[in-house]
Structures are given as structure tokens and as C-alpha cells.
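Everything below concerns the one structure shown next.
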Amino acid sequence: MNNQALETIFNEIADLLELKEESGFRVNAYRRVARAIGSLTEDVQAIADRGALEEIPGIGKSLAEKIFEFLDSDKVDFHEKLLAELPVGLITLARLSGVGPKTARLIHASLGISTLDELEAAARAGRLRTLPRMGKKSEENVLRGIEQARRQSARTPIGIARPMADDLVAALRALPQVRQISVAGSLRRMRDRIGDLDVLVTSDDPDPVMDAFVRSPWVLDVLAHGPSKSSVTLRTGVQADLRVVPPEAFGAALQYFTGSKEHNAKVRERAVRAGLRLNEYGLFRADGEQRIAAATEEEIYDALGMPWIPPEMREDLGEVEAAVAGALPRLVEAGDIRGDLHMHTKWSDGSGSAAEMARAAKALGYEYVCITDHSQSLKFAGGVPPEDLRAHIAEVRALSNKKLGIEVLIGAEVDILADGSLDYDDDLLAALDLAIASVHSRFRMTESEMTARVVRAMRNPYVTILGHPTGRLIGQRDPYALDIDAVIREAAATGTILELNAAPERLDLKDDHLRRARANGVQIEIGSDAHAAEGLALNYGIGTARRAWLTAENVVNALPLVKLRAALRRKRGG
DNA sequence: GCCGTTTTCGGCCCGACTGTTTTCAGTCG
């Protein structure tokens, strides 16, 4: 709560200082602290209480004082003063795509505009072109920025963006001038929402590649078209950027365009300190043109004194320091996963049988699966009544590991009812190998009510796993109000496993929650929540886990069957 | 505003593209 409020305040201070044309370095200092606080795994109050604020990189005396001030009074005087000096609307204007602080100030100073509506009216009336260095095109850009801001969901869920990018890559790969090709940007870093699709190509003859890209049938609008970089809006409304570099610079360009911006800044800082200069064409000596590394990412990181850093970690959340210290964790990868513990069959709302799901999982190389159909209350999803569940248990127990080549466990995804009780009796839950407890109804509770509801369910010894803990659907439904830190504490105290639901529209828990869970020693289950054999893929979930620095040791379904069974029994006291 | 195997003062990451300009400022990533 404190962390988020402080993040917002410091970001606004940065915006306001930028509007006042203060030193960019000072502006950056505020952005940096906003980010640092936003990514803490602990409440800033607790850190302040043990006097450790200034141990956080980017926080010095002055910022620590402002944080104390906020913790005491819920506000920061400097922030209030800045807000009083400038119209709040200016922040909104300056955040528009295509408009920055300079333009926002100019527009405000000469036309008295401070809201989006006023700006739109002025642009439509052709009044912006009366300003210096503004013309017809600038007006169009402003209108485009307003439209995008109003469309709000400016970022695309990865489950939608990734297949689009794959199509784009396949089409470009077919061009004879294309040598190497890769996705880059937040897509390669496996963020759950993607701002735009970044594709990197190497070629000795870039012009035909760029031409083919901007003329391809799914392009709606060309935003920029240069020899090394082009940007388009696809018909799907998503922006795509293509960058072309010479083949010998592939590694440097891939590193550069994968980002994040913050990670790159940190890496380039190290380069400068070593008397080097890093850009998308390579790593050079600062005093000349001599190129030290460029062809692969590995040689660039190596030349800067660190091992290659997985893209999912490149967020400047301590990965550079860890790499330099030789302390990068070995992140969980697809090959570590031994089974899938969350899937549905036609017994509830799935389309396959238990045996069909098991065979599909076997084809993925798994040792085991667990069938977890919905419980009785979830009528619209064909929730299984208790008497039918008894029969399903017997049916699954009869499936032979010898015949199928994979162990099939039986569980249930049991509803957490409004009062925190469960949708099956304990003696029925006791007959299962595991129970995933999930909230599927009554989402609109207060945070304290919802937290109490979930915590009560977690205290049941037969609740093995808390399913999709926040209930969010990316880009469609916000998470329900829940004190996630209280849930993580409860998971640690009760030995409840938390789910990373790998369905691309969920990815729940999300990366920063998973980081906090890891910091508290909580075990994670990565489950597909598949409703058909094709839904068993865990790639988005594994990417999210890697973003949270999870290793195989943190993931319960990376355990071999014997150890998994022991882990599932632990909370029951077995 | 932060920070120090160059430094407690003077640094602090880099290049491409656009639009409106006769040489470059602003924005973006």
C-alpha cells in the first residue's frame, strides 16, 4: 500500500520536475527511486523501521527523508508544492505518446491548454500548427496519442502478442535478404503485457526487408520508415517495430533491443566505467572505433565481466550485480518440469477424458499429471457432485501407469465459498491426492473480507494449493481485492503451495508476487489449467517463473513423483 | 538527487527517426 503510493508520488515528482525543465539527472533520480520502491518485496515501512532505507540503491538522505515524511503524514510536501505550481493536467499531456514535457509546456503556455479534451479540440481546429516547430503532422500525431491514451489497454496480453509475433517472424524469415531473426523487447523478456512487438533482423541488404515489412498486408499504418528502424501499426491495433543491423552486430543489437531500458542503462554504465562504450552495433573502446564484442550476447556480457543474463531477468532488479558476483541463480526451465497438477476433463468443463489428457502429457515428457475438475457449486462449469467424484476417484485409480506410461493422480479444483469454507467435505478431500482451492464467485468483496475468506481456506489441512490466487484476467478483469502479502505469509505458515496458473490470460500469481513468495520460502506449483490436450503448454508460466528468479527447487512440480507425493502429504501431517 | 577500485565534486547511457527545420530539437525506446 505504502509502496504503491510512494511509487506514484515519486513518478509524479519526476514528471513535474521535467515539466519545470529541472536537471534530467535529478528527474532520473526520482524515477529510479519510484521504480526501486515499486519492486520491493517488502513494505517500505518495515525497511524504514529497521533504518535500512539508505541501503536501497538510489535512496540517499534527501529521498529517505521524503519517505519518512510520507510514512508519518501520508504526503510529501515537495510533491504538494510542485502540484500547486503546475496544472495537474500537464502531467497527462506530457505522458501522451508523441508529446513530451517540452511540447506539453509549450502548448500550455501559449494556448492555455491543460486537459485532453481541450488539446483534442485545438488539434482538430488546426490551432497547434500556429506554434513554433509544429505543423499538420504534429497535430495528427497528437490526435493519435490521445486516441491511444483513451484506448487505455495500450499493452497487449502476451498470449495474444506472441502468436502475432510468431506470424510476423515466419513471414520475414522467408525473405532472401534476411539472415538472422529474433523477437526482442518485452516479448523476449516474457512480460505478461507487451507494449509493442520488437523484431530484430540482420541483413546485408536492409532496404527490401524494410519495404516488405511496411507493405505487408497486416499493416494498417506506417509510423516511421527508415533504413535501420521502421514502426507500424498492425491491423490488430498493436504496434510493431522492425530493426535491421549488419550480421556481425547481431548479438549487440539483440542485447540492446531486448532491454529493458533500465537493464541496458546499468550495463552501459559498467561499460563506461571500464573505458568502453556499448551500443546496438557492438562494444567499443571509448577512445576509438576498435570493436571488442558484437556477434553474440554471450561475448558482450563476457567482455563486461559477467555471464550471459537470461532475458527474463533483465529488469535491473539486481541481476547485473548478481551476475558480476557470479551469483545468478539457475532458473527453472521447461526440462525441469516433471508433471502438471492442474487440468480439467469432460467430467466438468474440459473436452478430453482423463486418459486422453494423460497421454498428451506423456507426449510432453511428463512423469505424472493430476486431474482437477471443478467442484459442485460451479454449476456453469459442470462442477462434479460428491457422489460422482467418488466414482471418478475409482476410475482414475484404475488407470494403469504401466499401460499409459505416466502416473495419473486425482484431485479437484474446489471452490472457496463466500465464507471461506470449501465446496467438498474434509473426508472427501482426504480421499484425493491433492486439492486446489480457488475463488470463482463473489469477487466484489472488500480486501479484508476477501483476505479473511482466502486465509480461512488455506488453514484447511486438505487444501494443498491455492489456485490462481488473485483471479485476474489480463486485460479483461482486475484482480479481486486481496492482501497478497498476508496470503504469502499464510502460505509460509501453513505450508500451502501457491499456484502460478500458466494459462496465458491469467499468469497468476504474477512476477512480482512470485518474487515475494520466493523471498518468503513459499513453494510454487506451475499448472496449465488446461481444458483440452492442446492447453497443456506451460511456456508462458515458465517464462513468468523465470522473471521471478524461480529455480527448480522453488517449483513443486519439478519434483520426481516420489518426492512430489511426500510434498503433497506434508500439510496433512502425513 | 545519488554516488565513489578515477572522485565527497562533478560526473551521471546511447542512437534513430520525425517534423520542421537551413542545422536540429524533441521524443522514443
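Throughout, protein chains are lettered first and strands after them, A, B, ... in sequence-line order, and every chain is numbered starting at 1. Computation of the quantities below employed the complete heavy-atom set of this structure, encompassing side-chain atoms and omitting hydrogens, waters and symmetry-equivalent molecules.
The residue A/Leu96 sits close only to the backbone: its heavy atoms come under 4.0 Å of sugar-phosphate atoms, none of a base. Looking at heavy-atom distances under 4.0 Å, A/Val33 makes no contact with the nucleic acid at all.
Looking at the side chain of A/Asn141, the nearest of the listed nucleotides B/dC14, B/dG19, B/dC2 is B/dG19. When the nucleotides B/dG15, B/dT18, B/dT20 are ranked by their closest atom to the side chain of A/Asn279, B/dG15 comes out on top. Proximity note for A/Ala224 (side chain, C-beta onward) versus B/dG1, B/dC17, B/dG15: the nearest is B/dC17. Taking the side chain of A/Tyr281 as heavy atoms from C-beta on, and the options B/dG19, B/dC14, B/dA16, the nearest nucleotide is B/dA16. For A/Thr103, the listed nucleotide lying nearest its side chain is B/dT27; candidates were B/dC17, B/dG19, B/dT27. When each of B/dT18, B/dA16, B/dC14 is scored by its nearest atom to the side-chain atoms of A/Arg277, the top-ranked nucleotide is B/dC14. Nearest nucleotide to the A/Ser138 side chain, out of B/dA16, B/dG19, B/dG1: B/dG19. Of the candidates B/dT27, B/dG15, B/dT20, the closest approach to any side-chain atom of A/Arg133 belongs to B/dT20. Set against B/dC17, B/dT27, B/dG1, the side chain of A/Pro101 has B/dT27 as its closest nucleotide.
Salt bridge present: A/Arg330 and A/Asp336 bring a charged side-chain N and a carboxylate O closer than 4.0 Å. Looking at A/Arg243 and A/Glu280, no side-chain N of the basic residue comes within less than 4.0 Å of a carboxylate O on the acidic one, giving no salt bridge.
Rounded to whole Å, the P atom of B/dG26 lies 14 Å from the corresponding atom of B/dT21. Comparing the C1' positions of B/dT7 and B/dC3 gives an interatomic distance of 9 Å, to the nearest angstrom. One P atom belongs to B/dT27, the other to B/dT20, and the distance between them is 13 Å to the nearest Å. With both ends at atom P, the span from B/dA16 to B/dC9 equals 38 Å, rounded to whole Å. Comparing the same atom, P, in B/dC12 and in B/dT5 gives a spacing of 16 Å after rounding to whole Å. Between the P atoms of B/dT22 and B/dC28, the separation comes to 23 Å (whole Å). Comparing the same atom, C1', in B/dT23 and in B/dG19 gives a spacing of 14 Å after rounding to whole Å. Distance noted for atom P between B/dT6 and B/dC2: 23 Å (whole Å).
Of the N and O atoms on the side chains of A/Asn11 and A/Thr8, not one donor lies less than 3.5 Å from an acceptor on the other residue. Using a 3.5 Å distance cut-off with no hydrogens or angles, the side chains of A/Gln45 and A/Asp43 do not pair a donor with an acceptor.
In A/Arg179, the CZ atom is not crowded: 12 or fewer heavy atoms of neighbouring residues, nucleotides or ligands sit closer than 6.0 Å.
Partner A/Glu139 forms a salt bridge (charged side-chain N to carboxylate O under 4.0 Å, His left out) with one of A/Arg124, A/Arg129, A/Arg144 and no other, that one being A/Arg129. For the side chain to side chain contact (heavy atoms under 4.5 Å, CB included) criterion with A/Thr258, the lone passing option out of A/Pro311, A/Ser186, A/Ser182 is A/Pro311.
Between the side chain of A/Arg32 and the base of B/dC2 there is no donor-acceptor pair of N/O atoms closer than 3.5 Å.
Where DNA chain B pairs in unbroken runs of 3 or more (Watson-Crick or G-U, both distances under 3.5 Å), the stems are B:1-4 with B:9-12, B:14-19 with B:24-29.
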